[in-house]
Structure formats: structure tokens, C-alpha cells
Amino acid sequence: MAEIRIEKLHKAFGDFVAVRDSTMTIEDGHFFVLLGPSGCGKTTTLRMIAGLEFPTSGNVFLDNEDVTYHRGRERDIAFVFQMFALYPHMNCYRNLAFPLITQGTPRREVRERVIETARLLRIEHLLKRPVGGLAAGDRQRIALGRAIIRRPKAFLMDEPLGALDTEFRDLMCQELRGLHNRIDATTVYVTHDQVEAMSMGDMIAVMHQGDLLQVAPPQELYDNPATLFVANFIGSPPMNFLDVEGGLKRDPGKARLVGGTEVAMPTLAQRPTDNAIVYGIRPEHILIDDHAPLRGRVFGVEYMGARQVVTVDTDAGRLKVRTGGSVSAVVGETVGLDIISARAVIFDQKTERALTRDTSPALAEAAHG
Amino acid sequence: MADIRIDRVTKRFGDVTAVNALDLAIKDGEFVVLLGPTGSGKTTTLRLVAGLEKPDEGRIVIDGTDVTKAQPAERDVSFVFQQYSLYPHYTVYQNLAFPVKSPLLKWSKQEIDARVHEVAGMLHIERKLKNKATELSGGEMQRVAIGRALVRRPAVYLMDEPLSSLDAKLRAELRVELKRISVELGATILYVTHDNVEAMTMADRIGVLNHGRLEQIATPRDIYQQPDTIYVAQRLSSPPLNLVDPSLFGIEAPAGTSTVGVRPEDITIGQPSGVEGSTTLVERLGAETVAVLQVNGTKIQALVDPQATVGEGETVRVGVVESAPMFFDRDGRRIDVPRAGG
């Protein structure tokens with residue numbers, strides 16, 4: 001078990017900065033996700049933690065020991081790659097036992113640990129089977145078992161579920177998280193898939209073009225994104241962004257949208273640099289309500305059974321609204337949209353950073369009442 | 001544009017019957033999605049319509065013409081494959097123009113140019129026309145691949161999981177665009193996928209395939225609300241449909257019920273009428289939260305309000321929304337019960 005700390009970690013490949021002065025702490029026992037689009041520096045960060053890549057500057061600490069320039073095999077961590085490789089001529093037991101046998105572990109201990117690992121992964125019934133005939137999921141479990149059996153201080157995983165189809169990926173997400181809950185080992189997990197990140201992570205670090213933008217628990221990241229990029233990257237469909245005419249100059253309690261409709265503003269604890277703001281609202285925080293002042297024409301309805309996404313063209317722009325599957329919305333009809341302003345996130349247009357909301361209890365209550 | 005009729009088509013590969021006496025009629029301008037897991041026969045069906053496979057029995061009729069024995073090139077269909085194949089040494093423009101450059105089509109330079117720009121506009125790749133195909137992101141490459149199918153204006157478009165290799169965000173974007181394009185063109189589209197969200201959001205009608213047979217075909221709303229079988233209900237539920245014994249929640253079931261199906265959104269947590277259970281896992285996905293529960297040894301998945309404060313390892317009361325359960329008989333067929341209060 002281990003705490004991983006990186007300080008001012010920087011990695012440049014020639015002129016290209018892959019990771020820029022990144023500092024974060026991964027707590028012991030946490031499932032920590034590095035999330036971002038391709039090219040954001042998440043895999044490079046992971047490879048520096050693993051010792052597969054050395055930083056240009058900065059440090060990596062494993063349990064307070066500076067391991068920045070230690071080789072990968074001196075770091076007592078296990079790396080799980082996207083493509084799992086098993087020895088095809090060995091049965092499942094031998095595949096699991098192999099990492100221990102090469103370390104010279106006594107036979108009895110190997111046996112005990114194979115059985116323990118198989119129990120953790122719920123694959124005891126497969127031990128005598130050859131790996132050749134296994135289903136994809138079981139192969140994946142064996143591969144995971146080979147990483148677990150060494151009892152490393154930490155697990156590093158680089159998109160291990162990337163190659164799977166959706167139905168199976170959801171299942172493996174739950175299994176991986178369940179496994180983590182049972183063994184409590186520090187895990188750093190890299191993905192570009194926000195659903196994977198949200199469903200598994202204790203903490204998520206969002207990266208973009210080498211910069212670390214925000215580190216927070218999933219719900220916090222979703223409710224209070226620190227920047228426009230984070231707000232747009234997390235959530236499907238993403239947050240709606242509305243331009244505000246005249247910025248904050250006028251009544252601070254109201255925002256005037258393009259087209260003239262006024263919507264309530266959440267109370268802010270911070271001022272933007274030069275009044276220009278962007279009004280951000282998640283699709284599920286807009287309600288279809290015929291009496292609401294903001295009106296628009298339904299452009300599209302995506303029915304998904306339990307839920308649907310309704311796209312509405314208004315004077316203020318095209319908005320995505322997420323509702324239950326039973327709400328009726330017909331393409332071409334005019335509807336009213338009620339914005340739950342207490343849930344809005346206001347961004348400084350210039351810096352693209354979110355402005356802190358005033359969340360003192362009295363105000364929060366007033367907003368809900 | 002054209003309609004497609006598949007009449008009792010059977011296709012065998014050795015001992016395996018991939019498509020089994022399949023009947024399917026697709027109307028002119030209709031967007032039909034065939035949904036099913038790996039091995040259900042959906043890709044084979046598509047390849048049969050394209051002429052890439054020949055049926056052992058049955059007929060395929062496109063726009064009133066029997067094409068069962070016709071070569072692919074004679075069928076006026078275009079096919080979008082799962083793995084985009086572009087000419088890497090060509091620009092986007094050249095890739096898009098290629099299908100209509102055939103001397104057989106006799107298109108003038110101006111016609112080709114106008115059509116390439118029109119299609120590029122539809123797919124929002126106009127700015128990339130001069131790029132080499134290898135200088136594109138995955139999403140852009142797939143748009144070009146779809147574009148290559150669109151330039152030709154064939155009678156029928158056949159698409160085999162064209163979005164499956166893309167990331168979630170891009171898939172969501174292209175879903176909307178494909179649907180829009182299909183409406184704009186009034187195109188007849190037969191689309192194959194294992195992704196229930198793609199099927200639900202794009203299809204005029206969804207056909208669910210099971211071992212080469214068409215289990216049910218209906219509009220997304222009808223098929224979701226009134227699935228004929230457990231198999232169909234399962235294919236369209238995400239998170240997965242809960243299948244439980246009628247006694248678990250003390251639900252009053254009609255005679256002949258062997259299994260009760262409850263959708264994750266119809267599970268309630270914290271209602272006094274519920275039975276005791278515990279949470280094993282809570283996935284906070286932002287807009288929605290999935291709770292995995294144990295109720296008397298049965299795993300239940302529930303879709304709960306993200307504002308709910310339910311945590312892992314808690315004891316909670318688990319119930320079912322009234323009139324929501326679906327009842328299935330021993331063969332997995334749904335027993336129709338009139339719903340109280342409509």
C-alpha cells in the first residue's frame with residue numbers, strides 16, 4: 001500500500017511539452033483516475049510514475065521515497081496494459097503462478113497466493129483450464145490476477161478496458177471497482193472515457209494539453225467544474241453554455257441572454273475580470289415547462305427509454321435538455337424551458353475559469369426554498 | 001431511394017445457421033436498425049442485402065427488383081464498414097470524389113465538385129478537404145468514410161457498426177448527425193449495431209435479432225415499453241434489466257408468470273413499502289447514479305436521483321414502482337396485462 005506524490009513534474013519531448021509542472025497527491029488506497037482526451041499527457045504522467053519514462057524536471061515520491069530516477073522494476077508497482085498477454089501453453093494456475101515462480105517464491109506460498117488471488121477474482125473454478133478456450137472476460141480476469149498476485153504497492157492501468165464492447169465494459173468497470181474495494185490497493189487508472197472515470201474513481205484528475213486542470217471526486221467535478229473545458233468534457237450531453245448580454249454590469253441577480261430573455265443568476269462570491277461571463281447549465285437542470293419565459297422550437301428528440309435528450313433551438317442558442325422517458329416532446333413544437341438557476345455554473349469568459357458560487361447555508365436554503 | 005424486402009431468407013455456414021427464415025420489410029426512406037449481440041446474424045443479414053453473401057433460401061427485393069442473384073455492383077447500395085478504409089495517400093477531397101469518378105457514372109467535374117462539397121458540408125469536414133487522410137483524427141476519418149458512402153446517392157445505405165470504434169463523445173455527436181442526414185436525404189438505411197443507445201436514438205424502427213431470427217420489430221418507444229420477450233427487454237435496457245422471482249418484492253403477478261422484469265429506473269430506494277436490502281456499489285455518473293443492491297441474495301441495479309445521499313454498504317428499503325413490472329412466462333414471453341390507470 002502506498003501514497004504516490006508528484007511534484008512539479010515536467011516532461012518535454014523536444015519543443016513539445018507533454019506534461020507541464022504537474023503537482024498532485026494520490027492517497028493511499030485511492031482509486032485515482034487520470035482523465036483527458038488523447039494527447040493531454042495522461043499516459044506520459046502514468047509512465048513517469050511507473051518509471052518507464054524519466055521527467056525533464058520534477059519529482060515522483062512513492063511512500064515519501066524519491067523514486068524519480070529509479071527504474072520501473074525497482075519501484076514495486078504493477079503495470080496493467082491495454083492488451084493483456086497470457087502464456088497460451090500454460091493453464092490458468094500456471095499463468096497466475098508464473099510471476100511468483102520467477103521470483104523464487106516457495107512452492108507452498110505460491111499455491112496459497114494463487115488460490116487467494118483466484119478467490120478475489122472469483123475464478124477458482126477456472127484454475128485447471130487452459131487459457132486458450134477462455135471467454136474474453138475470463139482472460140482479462142486472469143491477466144489482472146497476474147498483476148495482483150505480486151502484491152505490489154500500487155497498480156497502474158493504462159486504458160485496460162479500451163478494447164472491449166460497451167456491454168462488457170460496464171460489467172468490467174463494476175468488477176474492477178469491486179475488486180479495488182476488496183484489496184484496497186492504490187490504483188492509478190488512465191482513460192479518455194468519462195463514464196469509466198466517473199463510475200470507478202475516488203478522485204479524478206482532468207488533464208488537457210499537458211496541464212492539470214482539476215483534481216476532485218467525481219460528483220464534485222461534475223457539479224463544480226473549475227473550467228469551461230472540464231465542464232464540457234464531463235457529462236454527456238455536455239453542459240450548455242449561454243452567452244450573457246452586457247455581462248454582469250446590470251442587476252447581479254439576473255442574466256440577460258441573447259434574444260432578451262432574463263434568467264436568474266446563482267449568487268457569486270467572486271467577480272469576473274471584466275464583466276464578460278458565460279452561463280453554464282447542465283441538460284438535466286433545464287425543465288420543459290410551458291409557462292417558462294425562455295421559449296424555443298424542438299429540433300430533435302433522442303429517446304433512450306429511461307431518459308431522453310431533447311434539443312431545443314431558442315433565441316439564446318441551441319440547448320440540450322435531459323428529461324425522463326415519459327415527458328412528451330415533439331419535433332417542431334414550441335416549448336418553454338425553465339432553468340434551475342441554483343445549479344448554474346458561471347464562467348469568466350476571459351479566463352474560462354468558473355466563478356465561485358456563494359454557498360453559505362442561508363443562501364443555499366433560500367435558493368432551494 | 002427504395003424499399004427493401006427480405007423474404008424468408010436463410011443463410012448457413014456449415015452447421016451454423018446464421019440467418020434463419022428471416023422476413024423483414026423496410027419502407028422507402030426508413031431508418032431501420034438491426035440490434036443484437038455478437039453472433040445474432042445482424043452483419044450476415046446486411047451482407048446478404050449488399051450481395052457480399054448469397055442466401056441458401058429466400059429472396060431479396062430492392063425497389064421492386066429481385067436482386068437475390070445480382071452482383072453487389074448491380075444492386076445500387078453503398079456499404080459503410082466498421083473499420084474505415086480510406087486511401088492514405090489521397091486527400092479528403094480525393095477520397096470523397098473517388099466513388100463518383102468511375103467512368104461508368106459519367107459525372108462531370110463540376111458535378112463531382114459540387115457533390116463533394118455538399119457532402120463535406122453535411123459532415124462538417126469542409127475545412128479538412130485538402131488534408132491527407134492520415135492527418136485526420138479518428139472521428140474525422142470515420143466521417144470521411146461515411147461521406148464516401150453518401151456521395152453516390154445509392155438506393156440504399158447499409159451500415160455495419162460505423163460508430164463502434166469511436167469514443168463516447170464523438171459517437172454521441174455522429175449519432176445526431178447521421179439521424180439528421182437520414183432525414184435530410186430521405187434515405188433508406190439499414191444499420192447494424194449492438195449498442196442499444198444508437199438503436200434507440202436513430203431508428204425509425206428497431207429489429208431485434210436472436211440467433212438469426214427476428215424476435216421483434218417496432219418503434220423505439222413501443223419496443224422499450226412493450227417488449228415481446230425477456231430477450232428483447234434485456235437488449236434495450238441500460239443499466240441491465242433486473243430479472244427477479246415474483247416473490248422477491250411480493251409483486252402480485254398474473255397466472256403463468258415465471259420471471260418478473262423491472263427496469264433500473266423503476267426501482268425505488270427508501271420507500272417504506274420496500275423490502276430490506278443493502279447497497280454494494282454506488283456509481284455516481286453525474287446526471288444519474290447507479291446503485292447496485294443486494295436483496296435477499298439477488299443482485300438489483302437501480303437508477304437513482306443523483307441528489308440522493310445513498311452510500312455504499314448501507315441498509316435500505318428497496319421497492320418497485322407500481323404498474324412498472326413486466327411479467328414473463330416460462331418461455332420468456334411477456335404476459336400482457338392491462339395497466340391500471342392507463
Side-chain angles (χ1 to χ4, degrees), chain A residues 37-39 136 162-163 165-171 173-175 177-178 181 191-201 217-223 225 232-239 282-285 299-309 311 320 322 324-326 328 331 343, chain B residues 37-38 137-138 161 164-165 167-173 175-176 179-180 183 193-203 219-221 223-225 227 233-241 263-266 280-290 292 299 301 303 305-307 312-313:
Chain A
S38 49
D165 66 29
T166 28
E167 212 168 312
F168 189 58
R169 199 154 60 191
D170 290 350
L171 184 71
C173 270
Q174 286 187 358
E175 279 197 22
R177 181 64 222 200
N181 290 353
T191 183
H192 66 268
D193 185 310
Q194 47 130 348
V195 178
E196 274 180 30
M198 294 287 284
S199 61
M200 286 191 284
Q219 196 71 34
E220 167 73 13
L221 201 66
Y222 187 82
D223 290 337
N232 189 40
F233 193 74
I234 309 273
S236 175
M239 187 182 267
R282 294 251 176 232
E284 65 273 24
H285 298 142
F299 169 79
V301 179
E302 288 180 272
Y303 176 75
M304 304 177 200
R307 43 192 109 71
Q308 56 186 340
V309 174
T311 308
K320 298 252 186 207
R322 189 188 174 96
S326 56
S328 116
V331 173
R343 304 304 303 270
Chain B
T38 313
S137 70
E161 312 220 20
S164 67
S165 56
D167 70 47
K169 198 133 225 151
L170 217 51
R171 265 205 315 265
E173 235 172 74
R175 274 198 325 253
V176 179
K179 179 70 190 171
R180 177 179 56 83
V183 173
T193 185
H194 66 263
D195 184 316
N196 64 312
V197 174
E198 279 177 27
M200 293 288 277
T201 55
M202 294 193 293
T219 64
R221 217 170 263 274
I223 212 165
Y224 188 78
Q225 288 166 358
Q234 280 178 311
R235 295 281 85 70
L236 293 162
S237 192
S238 157
L241 178 73
R263 301 234 184 245
E265 67 269 27
D266 295 327
T280 52
L281 194 65
V282 176
E283 293 184 333
R284 299 196 178 279
L285 304 176
E288 51 194 34
T289 294
V290 177
V292 183
K299 178 181 168 186
Q301 299 206 49
L303 207 52
D305 185 340
Q307 303 307 312
E312 284 172 15

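It should be emphasised that the depicted structure is a prediction, and the values quoted were computed from it without experimental measurement. Every chain is numbered from 1, with letters handed out A, B, ... down the list of sequences.
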Item to complete: Tell me, for B:Val292 versus chain A, whether the close heavy atoms (under 4.5 Å) come from the side chain, the backbone, both or neither.
Response: side chain
Item to complete: Give the intermediate values and the outcome of salt bridge (charged side-chain N to carboxylate O under 4.0 Å, His left out) for residues B:Glu288 and A:Arg322.
Response: CA-CA 11 Å; B:Glu288 51 194 34; A:Arg322 189 188 174 96; 2.8 Å; yes
Worksheet item: With only heavy atoms counted, which part of B:Arg180 is less than 4.5 Å from chain A, the side chain, the backbone, both or neither?
Response: side chain
Worksheet item: When you measure from the side chain of B:Glu312 to the backbone N and O of B:Val282, does any donor-acceptor pair fall under 3.5 Å?
Response: yes
Worksheet entry | Heavy-atom proximity to chain A below 4.5 Å, by part of B:Arg263 | neither
Discussion item. At a heavy-atom distance under 4.5 Å, which candidate from A:Gly300, A:Gly305, A:Cys173, A:Gly324 has the highest pair count against chain B?
Written reply: A:Gly305
Fill in: Contact class of A:Gln308 relative to chain B, heavy atoms under 4.5 angstrom
side chain
Response to the item:
Okay, B:Gln301 and chain A: the region with an atom under 4.5 Å from a heavy atom over there is side chain
Worksheet item: Can you check whether B:Arg175's main-chain N or O pairs, donor with acceptor, with B:Glu198's side chain at less than 3.5 Å?
Response: no
Worksheet item: Who passes side chain to side chain contact (heavy atoms under 4.5 Å, CB included) against B:Pro306, sequence neighbours left out?
Response: A:Gln219, B:Thr289
Response to the item:
The interface call for A:Asn181 against chain B, heavy-atom contacts under 4.5 Å, is side chain
Fill in: A:Arg177 side-chain N/O to A:Met200 backbone N/O, donor-acceptor pair under 3.5 Å
yes
Worksheet item: For B:Leu236, is it the side chain, the backbone, both, or neither that has a heavy atom closer than 4.5 Å to a heavy atom of chain A?
Response: neither
Worksheet item: Checking A:Ser199 side chain against A:Val195 main chain: does a donor-acceptor pair fall under 3.5 Å?
Response: yes
